[in-house]
K.L.:
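Below are the structure tokens for one structure; questions will follow.
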Amino acid sequence: MTSELNCNDCADWLHPYLDNELETEMAARVNMHLAKCADCKKQFDELQALRDGIRQQAPYYPVPELLQQRIISKLKTFSPRHWFVPAFSAAALAASVMLYLATPSSQDMLMDEVVSSHVRSLMEQHLTDVASSDKHTVKPWFTGKIDFAPPVYDFAEQGYPLIGGRLDYIRHQNVAALSYHRNKHIINLFIIPSTATDAPIHASSRRGFNIVSWQKNNMAFEAVSDLNSQELEIFVQMIISQH
């Protein structure tokens, strides 16, 4: 006859029981103990509520491949008994996981920065340090102020005239910002030095503003505006066609 579990033994098996990882016999023994022990049942209910809360409320981001490999490598060094930790340790682990999941990615933080800079330029009426629609005036103005040469184009004939350029501060460094008109809307194009590989355009939105991002020639481009997304992408395609 199979012996009944005591509370200490049951605590060791609660996590795999919760995740449906136990064989039928052991699962039945845990279930039998929980049916008789109010304290262990309360502990199990708390673990279940914690798991469900994480699933329902925590934002999810892709886990970096390197981190996945490190976790798998670590787990291979543990025996099955090492998987089972007291409830308070599980809570601490869950809190750490939630903190990791809730941490915004570098791209998310960049999106927030460029939107804030866009809004600040409108509020302070500081769209340009050099006001000109002539690219041969705006492009040389950046020489000596930043350590890269931003591409500058005017699309007045297409309905997107260049207003001018200015220095801005993104990712703890000076960057180029170009301003354009589209009817009554302002487009800010932020150009940021980057070591990332070239990447196609990606459209997103933040706080009611549309953003189109892409990477080209060791530069990150971020076009921000309250202009509708279709017209903003037309603007971006005109820039991409030039370089």
Side-chain angles (χ1 to χ4, degrees), residues 57-62 64 99-131 133 138-139 141-142 145-148 150-155 158-240 242-243:
Q57 300 179 24
Y60 287 85
Y61 297 94
L99 179 61
Y100 172 77
L101 293 176
T103 302
S105 67
S106 59
Q107 185 63 22
D108 286 327
M109 291 188 287
L110 176 59
M111 297 297 96
D112 287 335
E113 276 197 81
V114 297
V115 168
S116 294
S117 293
H118 175 74
V119 172
R120 188 167 54 249
S121 73
L122 299 176
M123 292 177 64
E124 298 175 357
Q125 296 184 336
H126 182 207
L127 288 174
T128 62
D129 290 325
V130 53
S133 61
V138 176
K139 186 179 178 75
W141 181 87
F142 286 104
K145 298 179 177 68
I146 51 178
D147 59 0
F148 65 101
V152 180
Y153 309 105
D154 176 40
F155 300 107
Q158 293 84 0
Y160 295 83
L162 175 67
I163 302 172
R166 69 178 186 278
L167 286 181
D168 215 306
Y169 196 72
I170 303 287
R171 282 185 168 173
H172 310 292
Q173 61 187 323
N174 288 327
V175 304
L178 304 175
S179 295
Y180 293 82
H181 260 307
R182 175 60 175 173
N183 297 324
K184 295 182 179 180
H185 302 273
I186 297 294
I187 303 171
N188 268 310
L189 176 64
F190 298 94
I191 307 174
I192 308 162
S194 173
T195 58
T197 58
D198 291 357
I201 66 172
H202 172 73
S204 59
S205 63
R206 285 285 191 286
R207 305 191 324 242
F209 294 97
N210 290 311
I211 309 168
V212 180
S213 312
W214 73 100
Q215 298 268 352
K216 185 74 173 180
N217 298 332
N218 298 118
M219 290 177 281
F221 295 82
E222 306 289 341
V224 187
S225 181
D226 61 354
L227 185 66
N228 69 75
S229 59
Q230 291 83 4
E231 290 184 282
L232 185 60
E233 289 195 29
I234 290 173
F235 167 76
V236 168
Q237 291 294 349
M238 289 191 296
I239 293 175
I240 291 175
Q242 300 296 313
H243 61 245

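Note that the structure is predicted; figures quoted are calculated from it, not measured.
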K.L.:
Do Val114 and His118 make a side-chain contact, defined as non-hydrogen atoms from C-beta onward lying under 4.5 Å apart?
P.N.:
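No, too far: nothing below the 4.5 Å cut-off.
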
K.L.:
Test of understanding: with side chain to side chain donor-acceptor pair (under 3.5 Å), list the residues that count as partners of Ser225, not counting sequence neighbours.
P.N.:
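Ser225 satisfies side chain to side chain donor-acceptor pair (under 3.5 Å) with no other residue.
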
K.L.:
Is there a side-chain contact between Ile191 and Ile146 (heavy atoms, below 4.5 Å)?
P.N.:
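No; the side chains remain at least 4.5 Å from each other.
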
K.L.:
Return the CD1 to OG distance between Ile211 and Ser205, rounded to the nearest 0.5 Å.
P.N.:
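Separation between the atoms: 7.0 Å.
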
K.L.:
Can you list every side chain to side chain donor-acceptor pair (under 3.5 Å) pair that touches residues 191-203, not counting sequence neighbours?
P.N.:
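The answer is Ser194-Gln215.
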
K.L.:
Are the side chain of Asn188 and the backbone N or O of Val224 linked by a donor-acceptor pair below 3.5 Å?
P.N.:
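Side chain of Asn188 to backbone of Val224: no pair is present.
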
K.L.:
With sequence neighbours excluded, tell me which residues meet ring pair (Phe, Tyr, Trp, His ring centres under 6.0 Å) with Tyr180.
P.N.:
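Result, ring pair (Phe, Tyr, Trp, His ring centres under 6.0 Å) vs Tyr180: Phe235.
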
K.L.:
Dump the intermediate steps for side chain to side chain contact (heavy atoms under 4.5 Å, CB included) on Glu233 and Asn210, then the final yes or no.
P.N.:
CA-CA 10 Å; Glu233 289 195 29; Asn210 290 311; over 6 Å; no

K.L.:
To check you understand the geometry: which heavy-atom pair defines the closest contact between Pro193 and Val175, and what is its length?
P.N.:
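Nearest heavy atoms, Pro193 then Val175: CD-CG1, 4.3 Å.
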
K.L.:
For Ser121 versus Leu127, what's the shortest heavy-atom pair and its separation?
P.N.:
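Closest approach of Ser121 to Leu127: OG-CD2, 3.7 Å.
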
K.L.:
Does any N or O in the side chain of Glu113 come within less than 3.5 Å of the main-chain N or O of Arg171, such that one atom is a donor and the other an acceptor?
P.N.:
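Looks like yes, one N/O pair under 3.5 Å.
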
K.L.:
I'd like to check Ile239 versus Phe155 (side-chain heavy atoms, cut-off strictly below 4.5 Å). Are they in contact?
P.N.:
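Side chain of Ile239 against side chain of Phe155, heavy atoms only: contact under 4.5 Å found.
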
K.L.:
Could you check if a side-chain atom of Ile234 sits within less than 4.5 angstrom of a side-chain atom of Tyr160, using non-hydrogen atoms only?
P.N.:
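Answer yes - side chains close enough.
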
K.L.:
Hey, what do you get for CG (Leu189) to CD (Glu222), rounding to the nearest 0.5 Å?
P.N.:
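Leu189 atom CG to Glu222 atom CD measures 9.0 Å (nearest 0.5 Å).
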
K.L.:
Evaluate side chain to side chain contact (heavy atoms under 4.5 Å, CB included) for Ile186 paired with His181, printing each intermediate quantity in order.
P.N.:
CA-CA 5 Å; Ile186 297 294; His181 260 307; 3.4 Å; yes

K.L.:
Which residues satisfy the side chain to side chain donor-acceptor pair (under 3.5 Å) test with Arg120, sequence neighbours excluded?
P.N.:
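For Arg120, the residues satisfying side chain to side chain donor-acceptor pair (under 3.5 Å) (neighbours in sequence not counted) are Ser117.
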
K.L.:
Looking at residues at least two apart in the chain, or sitting in another chain, which of them share a side chain to side chain donor-acceptor pair (under 3.5 Å) with Ser116?
P.N.:
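Listed in chain order: Arg207.
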
K.L.:
To the nearest 0.5 Å, how far apart are CH2 in Trp141 and OG1 in Thr128?
P.N.:
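Between atom CH2 of Trp141 and atom OG1 of Thr128 there are 9.0 Å.
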
K.L.:
Is Lys145 close to Asn174 at the side-chain level, that is, under 4.5 Å between some pair of heavy atoms?
P.N.:
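No. Closest side-chain heavy atoms not under 4.5 Å.
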
K.L.:
With heavy-atom distances below 4.5 Å as the criterion, would you say the side chains of Leu110 and Phe190 are in contact?
P.N.:
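They are not in contact (no side-chain heavy atoms under 4.5 Å apart), so the answer is no.
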
K.L.:
Please answer whether the main-chain N or O of His185 pairs with a side-chain N or O of Asp226 as donor and acceptor at a distance below 3.5 Å.
P.N.:
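Not confirmed, Asp226 side chain does not pair with His185 backbone.
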
K.L.:
Measuring from atom CD of Gln237 to atom CD1 of Ile240, what distance do you get when rounded to the nearest 0.5 angstrom?
P.N.:
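Reported value, rounded in 0.5 Å steps: 5.0 Å.
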
K.L.:
Considering non-hydrogen atoms only, spot the tightest contact between Pro151 and Leu178 and give its length.
P.N.:
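Smallest heavy-atom distance, with atoms named: O-CD1, 3.5 Å.
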
K.L.:
With side chains defined as the heavy atoms from C-beta onward, is the minimum distance between Asp129 and Phe142 less than 4.5 Å?
P.N.:
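Of all side-chain heavy-atom pairs linking Phe142 with Asp129, none is under 4.5 Å.
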
K.L.:
State whether the number of non-hydrogen atoms from other residues, nucleotides or ligands found under 6.0 Å of Gln242 atom CD is greater than 12.
P.N.:
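For Gln242, atom CD is crowded (more than 12 foreign heavy atoms under 6.0 Å).
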
K.L.:
For residues 172-194, pull every pair meeting salt bridge (Lys or Arg N to Asp or Glu O under 4.0 Å), keeping only residues two or more places apart or in separate chains.
P.N.:
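Sorted pair list: Arg182-Glu231.
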
K.L.:
So is Lys216 actually on top of Trp214's ring, under 6.0 Å and inside 45° of the axis?
P.N.:
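No - Lys216 does not lie over the ring of Trp214 by the 6.0 Å and 45° rule.
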
K.L.:
Would you check if the side chain of Asn228 reaches a backbone N or O of Gln230 as a donor-acceptor pair within less than 3.5 Å?
P.N.:
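Checking the backbone N and O of Gln230 against the side chain of Asn228, a donor-acceptor pair under 3.5 Å is found.
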
